[in-house]
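Everything below concerns the one structure shown next.
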Amino acid sequence: MEIGPETVLKKYVLKEEKFETPSSIDFEAALNPEQLAVVKSGNGASLVIAGAGSGKTHTLTHRVAYLLDRGVQPDRIMLLTFTNKAARSMTNKVAELIDGDIKRVWSGTFHSIANRILRRYATELAYPEAYSILDMEDSGTLMNACRGEVNEAFQEQRFPRGRVLAKMYSYCVNTQTKIADVLKDSYPQFEDLAEPIREVFRRYQSRKLEMGLMDFDDLLLNWKRLLTEVPKARDELMAQFEHILVDEYQDTNSLQGEIVDLMASVHRNIMVVGDDCQSIYGFRGANYANILEFPKRYPECQQFRLQTNYRSTPQILEVANRSIAHNVNQFEKTLKPSRPEGLMPAGVQLKDVYQQAAFICQRILELADEGISLSEIAVLYRAHHHSMELQVEMTKRGIPYVVRSGVRFFEQSHIKDALAYLKFLYNPKDELSFLRLAQHYQGIGSRRAHELWTSIAEETDPLAAAAAPALAESLPNRAQFGWNKASKLMDDLRKGRLTKSPGALVDMISKGPYKDYVERSFDNFENRMGDLDQLANYAEQYDDIDRFLGEITLMHSMSGQDILVGGSTPDEYVCLSSIHQAKGLEWSAVFVLALSDGLFPSENAISTPEGEEEERRLFYVATTRPRDELYLCHVFTNMGRGRRPTVLRESLFLDELRNEDGRELPWEEWIIDAG
């Protein structure tokens with residue numbers, strides 16, 4: 001037909017007939033109204049703020065099942081999680097809900113998904129298809145090798161070791177931050193070494209590429225490079241994945257946030273699920289702005305709130321809700337209890353850390369006697385060293401426990417290092433302790449340490465021989481520089497052995513040249529120094545080294561595994577954990593330690609408004625772990641050096657709830673009677 005200028009065209013729209021296929025899943029029965037709205041939301045961007053205990057995983061699982069049920073192909077769905085365990089758990093639950101090849105869903109951690117993608121496209125980035133992946137230990141080893149290649153002038157005593165450099169590098173990559181800024185904010189003791197550290201990093205990157213290696217950070221960095229530098233890969237990936245779902249979105253760092261946005265930049269079918277009030281990993285590089293500013297990056301996004309809490313009693317939720325309300329930068333929500341009334345939380349006033357330990361142990365035994373499994377009890381704390389006295393008391397009383405926040409206090413390497421000095425001071429024939437401490441110094445490795453021991457072992461007083469200038473003078477220049485510091489410390493310890501307390505001696509060790517070793521050997525330097533301060537405080541209660549070391553040795557010989565409840569020995573353990581390690585877990589009864597000014601919140605962390613809000617989120621995480629019983633412990637005196645007590649005010653987080661106008665306390669006060 002010829003269309004002329006006077007031809008009239010009429011548009012007729014053919015409507016697409018939609019036939020709803022009945023679902024095999026009864027979503028209405030499986031979900032509450034809040035959850036159902038999330039699961040049945042349409043395409044486009046969605047932000048799901050999921051409060052603690054609100055069934056986040058349950059909801060996300062059903063969302064994946066809903067997409068599959070509506071005909072979305074499994075391999076067009078990407079579900080990003082923070083642990084492989086979480087990914088497996090969700091896909092297994094999806095498999096229980098719906099038939100189909102669930103294994104085709106791309107479900108896993110950011111790193112595992114990145115590895116799958118890079119196996120397809122590695123050659124586009126000049127890597128071999130069969131590239132290898134470096135673990136953290138291997139990364140530290142290679143970083144050490146690159147450190148050794150850098151100009152010899154930089155190999156000074158305080159230059160950070162490989163594993164510390166690897167942590168710095170990882171933080172730079174994941175936060176997209178320059179090394180100079182990372183050093184200024186997190187490693188000020190190495191700020192003047194920015195250029196040599198930068199050179200080490202350049203060599204590290206070059207060596208990896210030469211050998212066909214990627215570390216964990218490269219997996220993410222190279223995923224981003226594919227999306228920004230390789231058009232073919234970008235187009236294929238964006239075309240393949242129709243739906244992107246992200247779990248624990250509040251924990252994503254800047255690099256992960258960029259990857260997610262790039263992957264969703266075409267279809268914008270992205271659902272992020274998380275709780276801004278549980279964003280507590282800023283020290284690891286998590287970027288709180290990712291979740292807080294999601295609506296700015298996706299102005300069209302739907303917002304959902306999961307606020308019905310299935311975990312805790314109303315009384316416990318009252319503490320959490322009222323505390324987190326003091327934060328300004330957040331998505332407002334209020335946890336609503338689904339459970340009936342329960343016990344009031346307890347605000348426990350305790351004289352010192354020893355009374356705190358005694359109270360918790362006694363109360364644990366009472367709870368066990370009431371029929372609560374030991375595995376249903378947890379003790380949470382802001383810093384690992386806050387649990388030291390409790391670990392001692394639990395061991396004495398035979399209460400079994402596991403430590404989620406690391407190894408037991410006295411089994412940590414830096415604590416064993418400090419004790420090695422005291423052991424050698426007490427018994428100069430202790431070869432093992434000498435060999436351990438000798439290797440803390442520049443130029444002294446295992447072989448050199450054995451040579452030093454051979455030189456002093458036959459002397460009448462090996463300690464005096466170790467401190468003598470002649471020993472240092474017999475060493476090569478580099479080792480001589482290190483051992484001069486060691487001999488000075490040995491001499492000071494020898495002179496102070498009979499006049500100073502064990503606590504003062506520990507203080508001399510931790511504030512002396514060993515501090516340099518801790519700085520360059522451990523990335524969590526400040527935490528380690530806090531542990532050593534706590535060890536010195538603990539040692540102050542002993543009059544001499546003999547009694548102190550004897551007590552520590554006795555503790556190691558006690559297994560802490562024997563506790564009789566109902567006439568039998570259970571294979572259950574109380575959990576001791578930092579709050580950071582406890583996120584996502586729950587127990588029947590929870591004790592929160594050291595809610596005292598300067599301890600929790602951490603004095604350093606609240607120097608900025610952002611730091612204070614993250615600390616309050618940490619308190620929120622702690623108070624939303626228990627199902628039935630919550631004990632908030634305030635220690636109001638702390639024994640400092642010279643056995644002088646210092647009065648500690650109540651934690652900011654308790655104080656602000658105590659001083660809310662016209663509102664009753666959300667806990668009952670417990671005053672401990674020493675009897």
Side-chain angles (χ1 to χ4, degrees), residues 45-50 56 78-83 86 109-111 113-114 167-187 215-225 227-228 244-265 268 270-299 301 303 324 327-331 333 523-524 579-581 583-584 602 604-618 620-621:
S46 296
L47 170 64
V48 184
I49 301 299
K56 168 181 67 67
M78 179 180 288
L79 172 60
L80 293 162
T81 66
F82 273 83
T83 66
T109 64
F110 277 86
H111 294 88
I113 295 293
K167 284 283 187 180
M168 289 180 188
Y169 176 81
S170 179
Y171 191 87
C172 289
V173 171
N174 285 286
T175 61
Q176 307 285 274
T177 307
K178 294 179 179 178
I179 181 59
D181 294 329
V182 171
L183 292 176
K184 180 180 179 182
D185 294 338
S186 302
Y187 302 89
D215 60 23
F216 291 149
D217 304 312
D218 290 324
L219 295 174
L220 299 185
L221 189 61
N222 287 329
W223 185 0
K224 178 188 171 183
R225 288 182 60 204
L227 298 174
T228 56
I244 309 291
L245 300 96
V246 187
D247 188 21
E248 301 287 7
Y249 185 66
Q250 78 282 347
D251 294 335
T252 54
N253 58 43
S254 296
L255 180 54
Q256 291 164 332
E258 288 183 34
I259 289 169
V260 168
D261 288 343
L262 286 167
M263 288 294 295
S265 59
R268 296 181 79 80
I270 176 172
M271 176 176 284
V272 298
V273 183
D275 184 1
D276 58 304
C277 293
Q278 295 188 68
S279 179
I280 58 174
Y281 296 122
F283 69 99
R284 291 183 188 169
N287 187 357
Y288 186 54
N290 283 353
I291 191 168
L292 204 62
E293 296 178 0
F294 187 84
K296 293 181 181 178
R297 298 196 309 280
Y298 296 86
C301 77
Q303 292 192 41
I324 201 63
N327 271 10
V328 175
N329 298 302
Q330 62 170 309
F331 294 102
K333 67 177 179 303
D523 63 288
N524 53 349
I579 301 168
H580 287 101
Q581 293 286 336
K583 191 170 84 69
S602 162
N604 291 334
I606 60 172
S607 58
T608 64
E610 296 79 14
E612 180 181 313
E613 291 210 344
E614 179 155 330
E615 288 289 293
R616 191 175 286 106
R617 295 195 293 269
L618 199 60
Y620 174 84
V621 168

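We use all heavy atoms of the structure for the numbers below, so side chains are in, but hydrogens, waters and symmetry mates are not. As the structure is a prediction and not an experimental result, all values here were calculated from the model.
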Worksheet entry | Side-chain donor or acceptor of His580 paired with backbone N/O of Ile280 under 3.5 Å | yes
Heavy-atom distance under 4.5 Å between the side chains of Ile49 and Gln303, does that happen here?
no
Exercise for the section: Compare all side-chain heavy atoms of Tyr249 with those of Ile270 and state whether any distance is below 4.5 angstrom. Expected result: no
Has Tyr171 got a side-chain atom pairing as donor or acceptor with Phe283's backbone, closer than 3.5 angstrom? no
CE of Met271 to CG of Leu79, rounded to nearest 0.5 Å, is 11.5 Å
Side-chain heavy atoms of Tyr187 within contact of Lys167, under 4.5 Å: yes
Taking every heavy atom of Gly257 against every heavy atom of Thr252, the minimum-distance pair comes out as N-CB, 4.5 Å
Treating Arg284 as the side-chain partner and Asn253 as the backbone partner, does any N or O pair qualify as donor plus acceptor under 3.5 Å? no
Check the orientation of Phe216 and His111. Use parallel for under 30°, tilted for 30 to 60°, and perpendicular for over 60°. perpendicular
Scanning both residues in full, the closest heavy-atom pair of Leu292 with Pro295 reads O-CD, 3.7 Å
Looking at Gln250 and Cys277, would you say the former's side chain and the latter's main chain have a donor-acceptor pair under 3.5 Å? no
Rounded to the nearest 0.5 angstrom, the CD-CG distance for Glu293 and Asn329 is 10.0 Å
Between Ser607 and Asn604, the two heavy atoms sitting closest are OG-O, 3.1 Å
We want to know whether Glu258 and Gln256 form a side-chain donor-acceptor pair, criterion being a heavy-atom distance below 3.5 angstrom. no
To the nearest 0.5 Å, atom OG of Ser279 lies from atom CG of Asn290 at 9.0 Å
Ignoring hydrogens and angles, tell me if any N or O in the side chain of Asp276 forms a donor-acceptor pair with the backbone of Gln330 under 3.5 Å.
no
Contacts of Arg617 meeting salt bridge (charged side-chain N to carboxylate O under 4.0 Å, His left out) (sequence neighbours excluded), chain-then-number -> Glu614
Residues Ser46 and Cys301: closest non-hydrogen pair is N-CB, 4.4 Å
Nearest heavy-atom approach of Ile291 to Gly274 is CD1-C, 4.1 Å
### Message
In the structure I gave you, are the side-chain heavy atoms of Trp223 and Ile113 within less than 4.5 Å of one another anywhere?
### Response
yes
Between the NZ atom in Lys224 and the CG atom in Asp261, the distance rounded to the nearest 0.5 Å is 11.0 Å
* Asked: Does any N or O in the side chain of Tyr298 come within less than 3.5 Å of the main-chain N or O of Leu47, such that one atom is a donor and the other an acceptor?
  -> no
Of all heavy-atom pairs linking Val246 and Phe110, the shortest is CG1-CZ, 4.1 Å
Rounded to the nearest 0.5 Å, the CG atom of Asp251 sits from the OG1 atom of Thr81 at a distance of 11.5 Å
Does Arg225 offer a backbone N or O that forms a donor-acceptor pair with the side chain of Asn222 under 3.5 Å? no
Inset, instruction - Give the intermediate values and the outcome of side-chain contact (heavy atoms from CB on, under 4.5 Å) for residues Tyr620 and Asp275. - result: CA-CA 11 Å; Tyr620 174 84; Asp275 184 1; 3.8 Å; yes
| Note: Asp247-Lys56 ion pair, threshold 4.0 Å (strictly below) | yes
Any side-chain heavy-atom pair of Asn287 and Thr175 under 4.5 Å: no
message = Are the side chains of Val173 and Leu220 in contact, using a 4.5 Å heavy-atom criterion?
response = no
One should read off an interatomic distance between Asn327 CG and Arg616 CZ, to the nearest 0.5 angstrom, of 5.0 Å
* Answer yes or no: does atom NZ of Lys583 have more than 12 heavy-atom neighbours from other residues, nucleotides or ligands under 6.0 Å? => yes
